[in-house]
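To find a chain, count down the sequence lines: A is the first, B the second, and so on, and within it residues start at 1. Only a predicted model underlies this, so the values are computations on that prediction, with no experimental measurement involved.
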Number of protein chains: 2
Amino acid sequence: MTGALKPGDRLVELKIAGEMATSQAPVREALRELEAMGVVETLRNKGARVRVISDEELRQIYDVRAQLEGYASELAARNGAALKAGLEACVAKMRKAARKGDSMAFADHNMAFHRAIVEGSGNRVLLDMWETLNVKMRTMVNVARSSRNLIDLAESHLPIVEAIAAGDGALAHETAKQHVLDNKPDGGSVS
Amino acid sequence: MTGALKPGDRLVELKIAGEMATSQAPVREALRELEAMGVVETLRNKGARVRVISDEELRQIYDVRAQLEGYASELAARNGAALKAGLEACVAKMRKAARKGDSMAFADHNMAFHRAIVEGSGNRVLLDMWETLNVKMRTMVNVARSSRNLIDLAESHLPIVEAIAAGDGALAHETAKQHVLDNKPDGGSVS
DNA sequence: GAGTCAAATATTATCGATAATCGGTCAAAG
DNA sequence: CTTTGACCGATTATCGATAATATTTGACTC
C-alpha cells in the first residue's frame, strides 16, 4: 500500500494486481490480512476501502495507547539505566528536527522513542498490540494537531526518560500515560 | 476452524477446501486472516499450522490482559449501577455451574462476566483488542490450571462487582487487574 | 433538468489448472 | 553400513478464466 491513500479510498483488486504485476488472488489475500488488522474494510461484492477512523475511535485509540504505554514504561523502568542513553538520543534527535522545523523527521524520532520504551518492556504481546494500534492510526503521532510547538513537544519526553532511568515504575507509568493523553486529539481524557 | 485442533497441527489448504466444498483460494484468504490475528502461523512454501503459544507468551498475554481489564473496569465503574445486575447474574451462573462441577458452563459464564465489563467500558478499540487476546489464547480462561476450586473462583469475582457498582474507578481498576493476575498460569506477576 | 429503465462495463469471488517447492523413499556409490 | 542423488507425490502459490454482482452509461419520457 503505497502513499497517497486516504481513508475511504477504494482499493480495486485488479488494478492493484496490475500495478504489482501479479494476479488477483495474492492481492485478495493481502487485503484479507489488512482487513484483519483493521486497516481496510471490505463489504461482500463491493470491494475494499481504506478504513475510515472516526474521531471517536481515534480518541479511544489514544486512551488505550495511554494504558499500554504507561504499562510499558513501568516494565521498562526495571531496566531503566540501560535504556536511558537510547531514549535521550531520541529526544536529542527530536530537538534537532524541531529546530529545523522538520516535522517528518520529528515524527520518526518521536515514534522511535515510544517504540524503544515498548520494546524495553520485554513483553512481546504488548509490543505487537501497540504496533497494531499504530497501524490502525496510520499517522502514528498526530503532530500537526498538537497544540504545542515541536520544541516543547520534544522536551515533554524528558520526564518519561527521568522516571524510567530512575527505575521508578509507578512514576514512569503515570508520566508516560499522561504524555499520550496530553497529545490526544481534542485534549485530555476524563479517565 | 472446527474442533480437535491443537497448537502445531497442520492446516492443509486443499484438504480444508475439500471439507468445506470450496476451492483453495478462499481457504488461503481465510488463513491469511487467521494469521494476522495470531491464531495461525505460515511459512512460505511450507503451509499453515495452528500457532503454538509458549508459556512465556501466555504469561505476557495475562499481564496485558490484566492492564486492559483493569482499565475497562475503571471505565465501566462510571456506569456501574447499570452494570451491577448483569454482572451479579453472571456470578450466580458461575456458582450454579461450580456446584454442578460443570467447568465448560463455568468457563462460558466467566467469559461473559469479563466481556460484560469490557463492553461496559464503552471503548470499542479496547473491546476489539481484548477479543484479539482471547482468540490468541483460545482457551479463554484457563480453568483447569487454576489452583482454586470453582466455587472460590466464582466468589472471587464479587469484589470486582462491588467496586464497579460503587462507581469506584480506581478500586475497580486494581481489583480487576489483580483478579486476572491471580488466575495467570504460574501464579502472579511481579509487576 | 430529473427520473426511470435497460444495456454495457467494471469489479468481485471462486474455480480449476499449472508451475514451483518440499519432504520422503529408494537405489546406487563409497 | 552410511551417504548421496534422483525421482515421485503432496502441497503451496499463483495464474487466467468465468460466473455473479454492482456500478455506470445512454436513451427515453416528463
Side-chain angles (χ1 to χ4, degrees), chain A residues 1-54 57 124-125 127-129 131-139, chain B residues 1-55 57-58 124-125 127-129 131-139:
Chain A
M1 291 209 2
T2 55
L5 283 173
K6 308 182 306 297
D9 281 357
R10 279 282 281 116
L11 300 164
V12 182
E13 299 167 6
L14 287 178
K15 211 152 64 161
I16 293 169
E19 286 163 9
M20 308 195 72
T22 188
S23 72
Q24 191 191 350
V27 173
R28 288 184 62 81
E29 286 180 27
L31 287 174
R32 279 301 195 102
E33 210 163 322
L34 290 171
E35 185 178 13
M37 288 164 73
V39 176
V40 159
E41 65 189 348
T42 69
L43 292 175
R44 186 173 177 89
N45 290 324
K46 292 184 167 231
R49 286 183 188 279
V50 181
R51 195 161 76 83
V52 178
I53 310 257
S54 67
E57 186 178 351
R124 184 57 201 270
V125 171
L127 177 60
D128 286 346
M129 212 155 252
E131 297 279 16
T132 298
L133 282 186
N134 288 332
V135 169
K136 269 188 187 169
M137 290 198 307
R138 288 187 305 272
T139 48
Chain B
M1 285 198 21
T2 56
L5 284 175
K6 308 185 306 301
D9 281 358
R10 279 281 283 117
L11 300 163
V12 182
E13 298 167 6
L14 288 177
K15 210 151 66 160
I16 294 168
E19 288 164 7
M20 308 195 71
T22 189
S23 71
Q24 192 191 350
V27 173
R28 287 183 61 80
E29 287 180 26
L31 287 175
R32 282 298 197 100
E33 209 163 322
L34 290 171
E35 185 179 12
M37 289 164 73
V39 177
V40 159
E41 63 190 350
T42 69
L43 291 175
R44 188 174 176 88
N45 290 322
K46 287 179 171 241
R49 281 181 191 280
V50 181
R51 195 161 77 82
V52 178
I53 311 257
S54 68
D55 287 346
E57 184 178 352
L58 192 57
R124 184 58 200 270
V125 172
L127 176 61
D128 286 348
M129 202 159 262
E131 295 280 15
T132 298
L133 282 186
N134 288 332
V135 169
K136 269 188 189 170
M137 289 196 306
R138 283 186 308 275
T139 49

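- For the pair A/Val125 and B/Glu57, the tightest heavy-atom approach, listed with the atom from each and the gap, is CG2-CG, 3.7 Å.
- Taking B/Asn45 as the reference, nothing meets the side-chain hydrogen bond (donor to acceptor under 3.5 Å, both in side chains) condition, with sequence neighbours excluded.
- Across all strands shown, A/Arg32 has no heavy atoms under 4.0 Å from either base or sugar-phosphate atoms.
- Between A/Glu41 and A/Val52, the shortest heavy-atom contact is OE2-N, 4.2 Å.
- Residue A/Met129 comes nearest to B/Leu133 through the heavy atom pair CE-CD2, 3.2 Å, listed as atom of the first residue, atom of the second, then distance.
- Computed from coordinates, the A/Leu43 CG to C/dT11 P distance equals 17 Å when rounded to whole Å.
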Between the protein and nucleotides 19-24 of chain C, which nitrogen or oxygen pairs are less than 3.5 angstrom apart?
{"residue": "C/dT21", "atom": "O3'", "partner": "B/Asn45", "partner atom": "ND2", "Å": "3.4"}
{"residue": "C/dG23", "atom": "OP1", "partner": "B/Lys46", "partner atom": "NZ", "Å": "2.6"}

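- For A/Leu127, the side-chain contact (heavy atoms from CB on, under 4.5 Å) partners at least two apart in sequence or on another chain are A/Val118, A/Glu119, A/Arg124, A/Trp130, A/Glu131.
- With a cutoff of under 4.0 Å to any heavy atom of chain A, the contacted region of DNA chain D is bounded 5' to 3' by D/dT14 to D/dT23.
- Whole-Å rounding puts the A/Arg49 CZ to C/dT11 P distance at 12 Å.
- Atom CZ in A/Arg51 sits 12.0 Å away from atom CG in A/Leu34 (nearest 0.5 Å).
- Under the rule for a side-chain contact (heavy atoms from CB on, under 4.5 Å), B/Ala30 has no partner lying at least two apart in sequence or in another chain.
- Between B/Lys15 and A/Thr22, it is B/Lys15 whose nearest contact on DNA chain D lies nearer the 5' terminus.
- Within the structure, side chain to side chain donor-acceptor pair (under 3.5 Å) pairs that include any residue of residues 30-40 of chain A comprise A/Arg32-B/Glu29, A/Arg32-B/Glu33, A/Glu33-B/Arg32, A/Glu35-A/Thr42 (at least two apart or interchain).
- Here C/dT12 presents its C1' atom at 8 Å from CG of A/Leu14, a figure rounded to the nearest Å.
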